[in-house]
Number of protein chains: 2
Amino acid sequence: MSHGDKALDPVNISEEEFLKTYDAGDYERPSVTVDMLVFTIRSGEQENYRKLAEPELGLLLIRRGGHPYLGQWALPGGFVSIDESLEDAARRELQTETGLDDIYLEQLYTWGDVGRDPRTRVISCSYMALVDSSELELQAGDDASDASWFRVEQKLIEEKRHIHERGRVTERRLQLILSNEDETEQLSAIVETKEKVEGRVRSGSVELLDVQGIAFDHAKIIHYALERLRSKIEYTDIVFNLMPEKFTLTALQKVYEIISGKKLLAAAFRRKMADWVIETGEYASSAGHRPSRLYRLNPDRETL
Amino acid sequence: MSHGDKALDPVNISEEEFLKTYDAGDYERPSVTVDMLVFTIRSGEQENYRKLAEPELGLLLIRRGGHPYLGQWALPGGFVSIDESLEDAARRELQTETGLDDIYLEQLYTWGDVGRDPRTRVISCSYMALVDSSELELQAGDDASDASWFRVEQKLIEEKRHIHERGRVTERRLQLILSNEDETEQLSAIVETKEKVEGRVRSGSVELLDVQGIAFDHAKIIHYALERLRSKIEYTDIVFNLMPEKFTLTALQKVYEIISGKKLLAAAFRRKMADWVIETGEYASSAGHRPSRLYRLNPDRETL
DNA sequence: TTAATAGTGTCTATGAGACATTATTCT
DNA sequence: AGAATAATGTCTCATAGACACTATTAA
């Protein structure tokens, strides 16, 4: 609390008077931006007329049209102007990028390392938005802009665990893979996470090792968002923001599976979801197998 | 992505060249600060030689020595300088305020509403630090500065729940009470939370209604931190950052209880903690009752 | 008929809540 | 002796995992 507090007599004037004479000073300030992680579920290939299409997790990226990282892909985002709140900036960005409004939005994390933007000091507040794919269909591919949806995958490459007397170190390397619709672009990054437990002190770090085609530190931000999504899907109802109004329980289960990276048993899954959904009475027009009930989210569900 | 990208020919020069000629521009930027929520556990009154002292949750606040909010209490914090990362700024602040280093630190949330600081536009990144009280004893009350520990309590005042056809609204009012050691200062705020569920859209808001003696929007930040602490205590091992090296299971349980606000059954609690702690072989010197084993954190515990 | 998915029933292991019981200490 | 906490045992209930089984459709 020092900058700018240089009014003549800081105490013996009224607050009103103080504010009138307050001078913010002209020391160097960082730029502040918002970065948007817009996720959706898109349906992938259908191998065979009977098999269900496997859903995929999609992320919206923008191709950079200028330096730095010219031609690479970045999270949509922009500067926060002086008279709008962070969330307003995030919603504005979302609106201009996807045309969508009234969407699930959650602040993720604020990235403030010094060298993260080679141009100047930029502090970036990241927001995660979850979009129902059916609404996006209406939107029709962002008129010729350089925005594109990428399929997101994470693969565990290596896991080392070293246990010593006072604690342990777990080191993981995973590959983040982003590929666009027609497979013309394949972006990737190796993310190395270290988790040290030493006595009571637990510390973690995340490093990017080999980044291909992803601008700035955005691969790290994407990794962070995936972690958040993965953990929140377990104890909240955010998944439903990714689902259309009506859905089958199998579709819901598959979304859980691609996000959590684990296979689930249908019986247990249905039991767990029973209180969260209501039957609509309608059925999904099916192909080659028993038709499935369509459910919708129970508006009166309990919070956990 | 517009500010500052006004190099003459943004594409047909090399990235290196671009960066050399890059001009960050002089549009108005917000100030960026970090706000620290330093929590610790302190032991309260001991009613009777036999009874155990009830632990309390303590929060470090600083009395404002200038306008605005002169004389009120605020979270310790300060401006992020242009050449330090957010976390560096947070650690620096922690060091100067408590003299402590190597402490659990977690980024909480970034507050960016337009009017939250009457002086100028300030975006504030909040960090939560958890400190073991035994280490603080050494530190001896911040030499005559205006820092002080406050006991934190939250009381639910009112809960309204309105269920309609497409969803429901839950409205809660709770009182946040902060009181310092000798009870000379009693700060408080009424926090009103609204949670709307309408179809699939879930939205929430938090408002401050009646703030007594707490500067800026800091009561809201404190409320947010308490929520985070309460939820994280359930599925992580952060509690141990609040405990001394050696502790009794009853002490640990009491810390769980004041943070979660719920009474726990000793038998179940001990079963749950069994994998997380190890016996030290030592016993707590006790008074008027059976002595209790001292445990320490199991460095080889599982992550959940 | 068959491949595939939809949906249910049941057994078991696990863990939490509830409560009772025994152990140990200092005044 | 008595008050207080420490620590363990046991019963019950709810839930998750595992797996088997039935139902239904389009080609």
Side-chain angles (χ1 to χ4, degrees), chain A residues 43-55 233-235 243 246-258 260-296 301-302 304, chain B residues 43-55 233-235 243 246-258 260-296 301-302 304:
Chain A
S43 57
E45 293 299 296
Q46 193 173 12
E47 283 179 39
N48 151 341
Y49 84 99
R50 287 195 152 144
K51 286 216 166 180
L52 291 175
E54 287 296 319
I233 208 179
E234 303 287 345
Y235 64 93
M243 304 300 293
K246 294 168 190 170
F247 50 84
T248 69
L249 286 180
T250 307
L252 184 62
Q253 181 177 341
K254 281 180 186 291
V255 172
Y256 263 93
E257 288 174 343
I258 52 162
S260 71
K262 281 180 280 187
K263 282 281 165 197
L264 302 174
L265 288 166
F269 181 78
R270 280 154 185 272
R271 271 194 305 252
K272 196 158 63 179
M273 288 297 126
D275 293 337
W276 275 9
V277 296
I278 322 179
E279 292 183 25
T280 60
E282 297 169 56
Y283 286 81
S285 63
S286 49
H289 52 75
R290 177 172 173 179
S292 57
R293 279 192 247 267
L294 285 170
Y295 291 81
R296 61 190 178 83
R301 68 201 175 277
E302 275 311 300
L304 202 148
Chain B
S43 57
E45 293 298 298
Q46 192 172 11
E47 284 179 38
N48 149 344
Y49 83 99
R50 288 196 151 140
K51 285 218 167 178
L52 291 175
E54 287 296 319
I233 208 180
E234 303 288 343
Y235 64 96
M243 304 300 292
K246 295 167 189 168
F247 49 85
T248 68
L249 285 181
T250 305
L252 183 62
Q253 180 179 340
K254 280 180 186 291
V255 172
Y256 263 94
E257 288 174 342
I258 52 161
S260 71
K262 282 180 281 188
K263 281 283 165 195
L264 303 174
L265 288 166
F269 180 78
R270 279 153 187 272
R271 272 193 305 251
K272 195 160 64 180
M273 287 298 126
D275 292 338
W276 275 11
V277 296
I278 322 179
E279 291 183 25
T280 60
E282 298 169 56
Y283 287 79
S285 63
S286 48
H289 52 77
R290 178 171 172 180
S292 57
R293 277 192 248 269
L294 285 170
Y295 291 82
R296 61 189 178 84
R301 68 201 175 277
E302 274 312 300
L304 201 148

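Keep in mind that the numbers below use all heavy atoms, side chains included, and drop hydrogens, waters and symmetry copies. Numbered from 1 within each chain, the chains take letters A, B, ... in sequence-line order.
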**Student:** D:dT5 P sits how many Å from B:Phe247 CZ, rounded?
**Tutor:**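 Distance, rounded to whole Å: 20 Å.
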**Student:** Excluding sequence neighbours, so at least two apart, what forms salt bridge (charged side-chain N to carboxylate O under 4.0 Å, His left out) with A:Arg293?
**Tutor:**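 Scan of A:Arg293 (salt bridge (charged side-chain N to carboxylate O under 4.0 Å, His left out), adjacent residues dropped) gives A:Glu279.
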**Student:** Just jot down the salt bridge (charged side-chain N to carboxylate O under 4.0 Å, His left out) partners of A:Lys263, sequence neighbours excluded, or say none.
**Tutor:**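 With neighbours one apart ignored, the set is A:Glu257.
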**Student:** Would you kindly give the NZ-to-C1' distance between A:Lys51 and D:dA27, to the nearest whole Å?
**Tutor:**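 It works out to 17 Å between those atoms.
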**Student:** Measure CH2/A:Trp276 against C1'/D:dT15 and give the value in whole Å, please.
**Tutor:**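 It works out to 15 Å between those atoms.
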**Student:** Which residues satisfy the side-chain hydrogen bond (donor to acceptor under 3.5 Å, both in side chains) test with B:Glu234, sequence neighbours excluded?
**Tutor:**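 If we apply the side-chain hydrogen bond (donor to acceptor under 3.5 Å, both in side chains) test to B:Glu234, skipping adjacent residues, there are no hits.
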**Student:** When the nearest nucleotide of DNA chain D is assigned to B:Tyr49 and to B:Thr248 on a heavy-atom basis, which residue is associated with the more 5' position?
**Tutor:**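 Nearest-nucleotide comparison on DNA chain D picks B:Tyr49.
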**Student:** Rounded to whole Å, please give me the gap between CZ in B:Phe269 and P in D:dA6.
**Tutor:**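 Rounded to the whole Å, the gap is 12 Å.
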**Student:** Contact class for A:Leu52 vs. all strands (heavy atom < 4.0 Å): base, sugar-phosphate, or nothing?
**Tutor:**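 Here A:Leu52 touches the backbone only, sparing every base.
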**Student:** Counting only side-chain nitrogens and oxygens, does B:Thr250 get under 4.0 Å of the OP1 or OP2 atom of D:dA6?
**Tutor:**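 For D:dA6, OP1 or OP2 has a side-chain N or O of B:Thr250 closer than 4.0 Å.
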**Student:** Whole-Å distance between D:dT22 C1' and A:Arg270 CZ?
**Tutor:**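 My rounded result for the distance is 14 Å.
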**Student:** Quick one: what's the B/S/- string for nucleotides 15-24 of chain C, heavy-atom cutoff under 4.0 Å, read 5' to 3'?
**Tutor:** -BBBB---BB
**Student:** Is the shortest side-chain heavy-atom distance between B:Thr248 and B:Tyr283 below 4.5 Å?
**Tutor:**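 Counting from C-beta outward, B:Thr248 and B:Tyr283 never come under 4.5 Å.
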**Student:** Look at the side-chain N and O atoms of A:Ser292 and state whether any lies under 4.0 Å from the OP1 or OP2 oxygen of C:dT5.
**Tutor:**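 Result: no.
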**Student:** Answer with yes or no whether A:Arg50 presents, from its side chain, a donor or acceptor under 3.5 Å of a partner atom in the base of C:dA3.
**Tutor:**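 Between C:dA3 and A:Arg50, which were checked side chain against base, a qualifying N/O pair under 3.5 Å is present.
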**Student:** Suppose the criterion is salt bridge (Lys or Arg N to Asp or Glu O under 4.0 Å): which pairs have a residue in residues 281-290 of chain B, not counting sequence neighbours?
**Tutor:**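 Every salt bridge (Lys or Arg N to Asp or Glu O under 4.0 Å) pair that includes a residue of residues 281-290 of chain B, provided the two are not neighbours, is B:Lys246-B:Glu282.
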**Student:** Might you work through the side-chain contact (heavy atoms from CB on, under 4.5 Å) test for A:Arg296 and A:Val277, ending with a clear yes or no?
**Tutor:** CA-CA 6 Å; A:Arg296 61 190 178 83; A:Val277 296; over 6 Å; no
**Student:** Nearest-Å distance, CG (A:Leu249) to C1' (C:dT5)?
**Tutor:**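 So the two atoms are 13 Å apart, to the nearest Å.
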**Student:** I'd like to check the ring pair (Phe, Tyr, Trp, His ring centres under 6.0 Å) partners of A:Phe269; sequence neighbours left out, ordered by chain and number.
**Tutor:**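 For A:Phe269, the residues satisfying ring pair (Phe, Tyr, Trp, His ring centres under 6.0 Å) (neighbours in sequence not counted) are A:Tyr256.
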**Student:** Is the distance from OP1 or OP2 of D:dT24 to the nearest side-chain N or O of A:Arg293 less than 4.0 Å?
**Tutor:**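 False: A:Arg293 side-chain N/O out of range (4.0 Å or more) of D:dT24 OP1/OP2.
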**Student:** For D:dA3 and B:Asn48 - does any side-chain N or O of the residue sit under 4.0 Å from the phosphate oxygens OP1/OP2?
**Tutor:**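 So the side-chain polar atoms of B:Asn48 never come under 4.0 Å of the phosphate oxygens OP1 or OP2 of D:dA3.
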**Student:** Separation of B:Tyr283 atom OH from D:dA6 atom C1', in whole Å?
**Tutor:**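 The answer, rounded to whole Å, is 10 Å.
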**Student:** Grab the OH-P distance between B:Tyr295 and D:dA6 for me, whole Å please.
**Tutor:**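 Rounded to the whole Å, the gap is 11 Å.
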